[in-house]
Number of protein chains: 2
Amino acid sequence: MAAKTDDSGPVLPPAIESAWGLRERPPKGPRPGMSVPTIVDAAVRVADADGLAAVSMSRVAKELGAATMALYRYVGSKDELLMLMVDSGYGPSLGPPGPRDDWRTGLTRWAWAEHEVLRRRSWLLHVPISGPPITPQQLGWMEDGLRCLDGTALGENEKMSVLLLITGYVRNEATLTSQIAEGSRAAGVEPAEMMPGYARLVGRLIDPARFPALHRVLSAGVLSQDDHPDDEFAFGLDRILDGVEALIQRRAG
Amino acid sequence: MAAKTDDSGPVLPPAIESAWGLRERPPKGPRPGMSVPTIVDAAVRVADADGLAAVSMSRVAKELGAATMALYRYVGSKDELLMLMVDSGYGPSLGPPGPRDDWRTGLTRWAWAEHEVLRRRSWLLHVPISGPPITPQQLGWMEDGLRCLDGTALGENEKMSVLLLITGYVRNEATLTSQIAEGSRAAGVEPAEMMPGYARLVGRLIDPARFPALHRVLSAGVLSQDDHPDDEFAFGLDRILDGVEALIQRRAG
DNA sequence: TTCTTTCTGCGTATGCCATACGCTGTTATG
DNA sequence: CATAACAGCGTATGGCATACGCAGAAAGAA
């Protein structure tokens, strides 16, 4: 009744609490043979090596030389493990922007950092996200993004909207390129041949009379040429930041 | 060797070919008791009623009064069924924009149409997408989007980028609101209480010294107030279209 | 010391899932 | 009326997450 200023509210699963450094080792009982971070690291190792689909409780346990059910002493469910994998997979945030950087420089750096993480660990895109972030490093990334907008005249809600907009864009773009990579691996085709193959397929399927605009796109050979995907990313990002800039100007004026 | 101008290229699964109206009924053998559309409709009915997780081959078969394995005479795999479910779930596209509409009016209408579909059928967001669209109605939506940009000076590749940008935004925004809805249902909480609960939780977890910007957001009560989510959507959409407008102006000038 | 509590590790079992395989019966054509 | 080509589907396989409860370890209480 008197102990903690708990405020009640939603209760965090034990494994997540341990990610926040709360929760000490219980006084009795045998010494734990593993720990939440050990398990999460093993799971990340599996995902890095063989993709998210290979991450099963039994596979992670095997990676640790333990039995499947032993893991459940540390994580409440596979979903919980996935949440912790995301937190660990993103890694620590970059830290706040340099003091001389304007918001656009900062957010550009921020977006590229996430872009890079998702390029290296595309399995992060396949983890079903079930809600807003509650893990320490995830919130660290959010903090960094907010810091970039510190000097602007945006309202706090607008800052959040801007971050959501950008992170959403980064994830979408990463999803598209990872789909090409994974599709080419599955079909045993060169990645550079994926989009041309797709263009030929669609061209064979559609009637130019019913899909004139699409037919024009195909005829232009747009899907067949290989723009460097990083240029494509930078292009779209600048489009979005232009929109943000317009908003910031208006709020400042 | 001489028959069709086939061009070879990737081969389409039979069920997808049937969605394009290719593929006639074979001359011999018993009359089929069902059809690809029947199965897809049943699957969509299950998803509408109980969510995507409830869509299993056996559940869909039960819906049709058939045995599980009977479905495999019509669809090659569950993934194929999912692809067809997406095509059917989106429904037919709106059709091209009115002849007097400018690109911005057209794309706004286009984005809101997808927004509405995803609001009604949030399970569409949970279907893992494995590549660019190859089904008729999906390509119909793409055609409509391209038509909106017909009068502009954008290159064909830029038109595609713009559509990808917008559809990505629509899906992201829909994902966020659907997460709130699903989370509240899972936790047995009023939807309006979700974000305030989240804000309290994060406030309890973070150290204001290490997360100053985030702390400021929480103090502003931003996450607690219930902006009408449609306003939020419209706001972000306008931000993106501002960016597009800047691009179109530059190309026109 | 010995007993008790509380924990860890994990073997077993349950119930779900997608789907490979092969049998039975149907249909239209030769 | 024989036969080829197909539809329906029963059965079996191998995967999965995870509920449950037991055996033994550690640390405090007696």
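Chain naming here is simple, since letters A, B, ... match the order of the sequence lines and numbering starts at 1 in each.
Place B:K28 and A:D79 on DNA chain D by their nearest nucleotides, and B:K28 ends up nearer the 5' end. Heavy-atom nearest nucleotides on DNA chain D were determined for B:A67 and for B:P26, and the one closer to the 5' end corresponds to B:P26. When each of B:S77 and B:P30 is assigned the nucleotide of DNA chain C bearing its nearest heavy atom, the one mapping closer to the 5' terminus is B:S77. Taking the nucleotide of DNA chain C with the nearest heavy atom to each of B:Y72 and B:R25, the more 5' of the two is matched to B:Y72.
Between the CE atom of A:M57 and the P atom of C:dA13 there is a distance of 21 Å, given to the nearest Å. The separation between B:L82 atom CG and C:dC17 atom P is 14 Å, rounded to whole Å. Between the CZ atom of A:R59 and the P atom of D:dG15 there is a distance of 13 Å, given to the nearest Å. Spacing between atom CG of B:L71 and atom P of C:dA20 amounts to 14 Å, rounded to whole angstrom units.
A tilted orientation is assigned to the rings of B:F211 and A:W20, their planes being inclined by 30° to 60°. Aromatic ring orientation, B:F233 versus B:H115: parallel (interplanar angle below 30°, classes split at 30° and 60°).
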Under the side chain to side chain contact (heavy atoms under 4.5 Å, CB included) rule, what do B:L139 and B:T135 come out as? Steps first, then yes or no, please. CA-CA 6 Å; B:L139 289 176; B:T135 50; over 6 Å; no

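The side chain of A:T68 places no N or O atom within less than 4.0 Å of a non-bridging phosphate oxygen (OP1 or OP2) of D:dT18. Contact annotation: B:K78 side-chain N/O to C:dA18 OP1/OP2 distance is under 4.0 Å. In this structure, B:Y74 reaches the D:dG8 phosphate: one of its side-chain N or O atoms is under 4.0 Å from OP1 or OP2. A sub-4.0 Å separation between OP1 or OP2 of C:dC17 and a side-chain N or O of B:S58 is present. Considering only side-chain N and O atoms, A:R31 lies under 4.0 angstrom from the phosphate OP1 or OP2 of D:dA27.
Checking C:dT12, D:dC16, C:dT19 against the side-chain heavy atoms of B:M69 singles out C:dT19 as nearest. For B:R73, counting side-chain heavy atoms from C-beta on, the closest listed nucleotide (C:dC21, C:dC23, D:dT18) is C:dC23. Nearest to the side chain of A:M34, among D:dA7, C:dG9, D:dT18, sits C:dG9.
The six-membered or imidazole ring of A:H126 lies away from that of A:W123, with a centre-to-centre distance of 6.0 Å or more.
A donor atom on one side chain and an acceptor atom on the other are not found under 3.5 Å apart for A:W110 and A:D144.
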